[in-house]
Protein chains: 2
Amino acid sequence: MNLHIRVFTIGALAKAAGVSTPTIRYYEEIRLLPPAPRTAGGQRTYDDEDLGRLTFIKQCRDFGFGIDQVRVLLELSISTNRDCVETRDIAQTHLDEVRQKLAELRVLERRLESFVTRCDIACAGGPGQDCVIFKDMAAPAKGSCCG
Amino acid sequence: MNLHIRVFTIGALAKAAGVSTPTIRYYEEIRLLPPAPRTAGGQRTYDDEDLGRLTFIKQCRDFGFGIDQVRVLLELSISTNRDCVETRDIAQTHLDEVRQKLAELRVLERRLESFVTRCDIACAGGPGQDCVIFKDMAAPAKGSCCG
DNA sequence: GTACTCCTTCAAGTAACTTGAGGTTCAAGG
DNA sequence: CCTTGAACCTCAAGTTACTTGAAGGAGTAC
């Protein structure tokens, strides 16, 4: 057992968990974190349990989960009869979304590449060219540059 | 020359450009679009020039450019001495950002894949398992599931 | 006791719209 | 002419996940 009871100020907790202090207050406000006990002067105090919870939240956020998903994951993490299947499903759904976003960004990357390349080919001379990119983009088809 | 002067209601314009009507009002409010002339009854009217401008904006947004970038691109598109080089640079910068985001998402995809896979291996039996994912995630290292 | 950092609350700002409430205008049909 | 229903109007607030700023109090080291 750990006999040391570590107490953190909000700044120390923030540093330990890798988030900002306003973020911690915000998490308290939206009840992701419980209301912190205060010193006589009104300053918030935290312990290792809070650090664990906050770190968990941070990890989930780094995974890209939304606040509402984190809320569910937190509840699952606390329930004694942990439902790993539900956790897996949340992660799977999120993975699907990430892959969807990846696909969109790959398309965007190709379009922008093509755009820049055509700019280079047609407009290497600099300003004042007869660049038709803008006419192209004012029509509802695919964009082009200086074609 | 086109002798037809097409006049659009806000709804018709929205449909033609592929945006929503509140979006058009919003664009007017933030001065991406000029204030529309009104009918006697106060309803907005648009013409083909507006359609061209709005379509241009839509294209830029689909490319992922932010509103402020669209503002610059719009000005470039209107200037008589078009600076294609500046346009290219804006697109190149944006392309770099897209690639950065792609790299991040690829890392995320791998992490989530690994997460889900480990869930499948260790927790195929369903709820009630001795799943350590939550303990892992409350520590500041990399997440795992049911390991 | 004073200097300095860290803490407090509250309000507003960010991006780019969307949603809702409550009311008006327009075009068509009878 | 009158009604009906869709589409329009304005204004305010909601969305996501915080960040930023102002004005002032608490804690600690010298």
Test item: A:K101 and B:K101 side chains (from C-beta on) under 4.5 Å apart, heavy atoms: no
Within-4.5 Å side-chain heavy-atom neighbours: B:Q43 and B:I10: no
Side-chain heavy atoms of B:L54 within contact of B:Y27, under 4.5 Å: yes
pair A:L33-A:I57: side-chain heavy atoms closer than 4.5 Å: yes
For A:E109, salt bridge (charged side-chain N to carboxylate O under 4.0 Å, His left out) partners two or more places apart: B:R99
Presence of B:R44 side-chain N/O under 4.0 Å of D:dC8 phosphate oxygens OP1/OP2: no
Separation of C:dA15 C1' from B:I30 CD1 (nearest whole Å): 10 Å
d(CZ, A:F8; P, C:dC7) in whole Å: 13 Å
Spacing between B:L32 atom CG and C:dA16 atom P, to the nearest angstrom: 10 Å
Check: A:V98 and A:H94 side chains under 4.5 Å, non-hydrogen atoms: yes
Salt-bridge contact A:R53-A:D50 (side-chain N to carboxylate O under 4.0 Å): no
Heavy-atom check, side chain of A:L13 versus side chain of A:T9, under 4.5 Å: no
Under-4.0 Å side-chain N/O to phosphate OP1/OP2 contact, B:T9 with D:dC8: yes
Distance in angstrom units between A:I57 CD1 and D:dT16 P, rounded: 17 Å
Distance, nearest 0.5 Å, that separates CZ of B:F65 from CD of B:E97: 9.5 Å
Side-chain H-bond candidate by donor/acceptor type, B:Q92 with B:D96, under 3.5 Å: yes
Contact nearer the 5' end of DNA chain C, comparing A:I10 with B:R61: A:I10
Parallel, tilted or perpendicular: ring planes of B:F63 versus A:F115, cut at 30 and 60 degrees: perpendicular
Between the protein and nucleotides 1-4 of chain D, list every N/O to N/O distance that falls short of 3.5 Å.
none

Stretch residues 21-29 of chain A: residues that reach within less than 4.0 Å of DNA chain D through a heavy atom: A:P22, A:T23, A:Y26, A:Y27
Review item, nucleotides 10-13 of chain C N/O atoms under 3.5 Å of protein N/O:
none

Among B:V19, B:V70, B:T23, the one residue meeting side chain to side chain contact (heavy atoms under 4.5 Å, CB included) with B:R61: B:V70
Whole-Å gap separating P (C:dC17) and CG (B:L33): 11 Å
Between protein and nucleic acid, restricted to nucleotides 20-23 of chain C and to nitrogen or oxygen atoms under 3.5 Å apart, what atom pairs and distances do you find?
none

Any donor-acceptor N or O pair under 3.5 Å, side chains A:S114, A:R110: no
N/O (side chain, B:R38) to phosphate O (OP1/OP2, D:dT10) under 4.0 Å: yes
Length of the line joining A:R31:CZ and D:dA17:C1', which is rounded to integer Å: 18 Å
Hydrophobic cluster identity match, B:L73 and B:I30, side-chain contacts under 4.5 Å: yes
Close side-chain approach of A:D47 to A:V7, heavy-atom, < 4.5 Å: no
Over 12 non-hydrogen atoms of neighbours within 6.0 angstrom of CZ in A:R31: no
Can you tabulate the close N/O pairs, meaning under 3.5 Å, that link protein atoms to atoms of nucleotides 27-30 of chain D?
residue : atom : partner : partner atom : Å
D:dG27  : OP1  : A:T39   : OG1          : 3.1

Whole-Å gap separating P (D:dC8) and CG (B:L13): 10 Å
